[in-house]
Amino acid sequence: MSSQIIDGKGFAATLRAKIAHGVETLQSDYNVTPGLAVVLVGTDPASEVYVRNKARQTVEVGMTSFEHKLPDTTSQAELLALIETLNTDPSVHGILVQLPLPDHIDATLVINAIAPQKDVDGFHVANVGMSSTGQSAMVPCTPLGCLMLLRDQLGSLRGKTALVIGRSNIVGRPMARLLIQADCSVIVAHRHTTNTAELCRMADIVVVAVGQPGLVRADWIKPGATVIDVGINRIDAPERGPGKTRLVGDVAYDEVAEVAGAITPVPGGVGPMTIACLLANTLIACARSYDIPDPEGLTP
Ligand code: GUN
């Protein structure tokens, strides 16, 4: 059996088109343009690429992009002062502080300084608490993207057994919360779990986000399960020539694709969904701030 490949890249493009339509509605009917502020401290090359892509896609859907690139010598107090300015700026509806932050800055303190209604990452403790108790909240972008792909693939998730591998605040934990909210029975495995393969064989849905190439093997997978691979790992690819590399996920893709019912590829699976969901959250945050109904019904 060969599994269906879940086209995250195509899904994200359709989602961005919906968001662009929503932005047009806010502009034409309410004279409002959503604005997203992205703050980058330092010069981490991967973060610089992400921030550049976010800014480009923000503009492509018709929103205003505010980019704040600060040197890595920026003090915590200076960063907090910028966040306070953005919190009170009426043209800014979403604020994202790119992680990781330099060691001399307390990331938790900074995240919790963002106004919760502008926290389009969904990392503020108020949003985490509200979403954990089943209340409407900003939801982290990567898990939201995974949920959208799962709903598109499977329809209702009610009663399904889901295994989340990884318990980070960015993916694993919020993913587990969303799957509970979607009426799944949820298991979370992490570095101290001793029987991950055994747990995995029970799962109708597997979401893995640990950063270990090839961790999930074919004999872990219940035949027909849906596998969502959040990992993005760059590995050497000597078969492509000397010094060449390629991107792979946390799933041994070729062998798992023989057993799973559906699987996300890397690249082209979950990756493109993250920024699309960031833009969806910004549209939602903007509409909410004016008490306007969500124009595209994207609220999770
Ligand atoms: N760094 C890696 N992923 C993310 C993310 O989703 N949001 C932020 N703010 N930083 C990140």
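All residue numbers in this chain count up from 1 along the given sequence. We use all heavy atoms of the structure for the numbers below, so side chains are in, but hydrogens, waters and symmetry mates are not.
Checking side-chain atoms of N195 against main-chain N and O of E198 turns up no donor-acceptor pair under 3.5 Å.
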L163 and V207: CA distance, side-chain angles, deciding distance, side chain to side chain contact (heavy atoms under 4.5 Å, CB included) verdict: CA-CA 6 Å; L163 173 70; V207 181; over 6 Å; no
Side chain to side chain donor-acceptor pair (under 3.5 Å) assessment of Q153 paired with T226: CA-CA 8 Å; Q153 188 65 33; T226 303; 5.8 Å; no
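Note: the hydrophobic cluster containing V128 does not contain L144 (ILVMFWY, side chain heavy atoms under 4.5 Å, direct or indirect links).
Evaluation of the salt bridge (Lys or Arg N to Asp or Glu O under 4.0 Å) test over residues 67-84, restricted to residues two or more places apart or in two chains, returns none. Sorted by first and then second residue, the pairs that involve residues 89-110 and meet ring pair (Phe, Tyr, Trp, His ring centres under 6.0 Å), not counting sequence neighbours, are H93-Y290.
In this view, A197 and R201, W220 satisfy the side chain to side chain contact (heavy atoms under 4.5 Å, CB included) rule, not counting sequence neighbours. Applying the salt bridge (Lys or Arg N to Asp or Glu O under 4.0 Å) criterion to R246, with sequence neighbours excluded, gives E239. Evaluation of the side chain to side chain contact (heavy atoms under 4.5 Å, CB included) rule for A20 yields V61 as partners, not counting sequence neighbours. For D204, the salt bridge (Lys or Arg N to Asp or Glu O under 4.0 Å) partners two or more places apart in sequence, or in a different chain, are K222. Every residue two or more places apart in sequence or in another chain was checked for a side-chain hydrogen bond (donor to acceptor under 3.5 Å, both in side chains) with T73, and none qualifies. With sequence neighbours excluded, the residues forming a side-chain hydrogen bond (donor to acceptor under 3.5 Å, both in side chains) with N127 are D119, listed by chain and number. The salt bridge (Lys or Arg N to Asp or Glu O under 4.0 Å) check on E255 picks up R217, with sequence neighbours excluded. In terms of the salt bridge (Lys or Arg N to Asp or Glu O under 4.0 Å) criterion, residue partners of D183 (sequence neighbours excluded) are, by chain and number, R158. N233 is linked by a side-chain hydrogen bond (donor to acceptor under 3.5 Å, both in side chains) to D250, counting only residues two or more places apart in sequence or in another chain. K54 is linked by a side-chain hydrogen bond (donor to acceptor under 3.5 Å, both in side chains) to Q98, counting only residues two or more places apart in sequence or in another chain.
Evaluated for a side-chain contact (heavy atoms from CB on, under 4.5 Å) with L36, the options V59, V92, V120 yield exactly one hit, V120.
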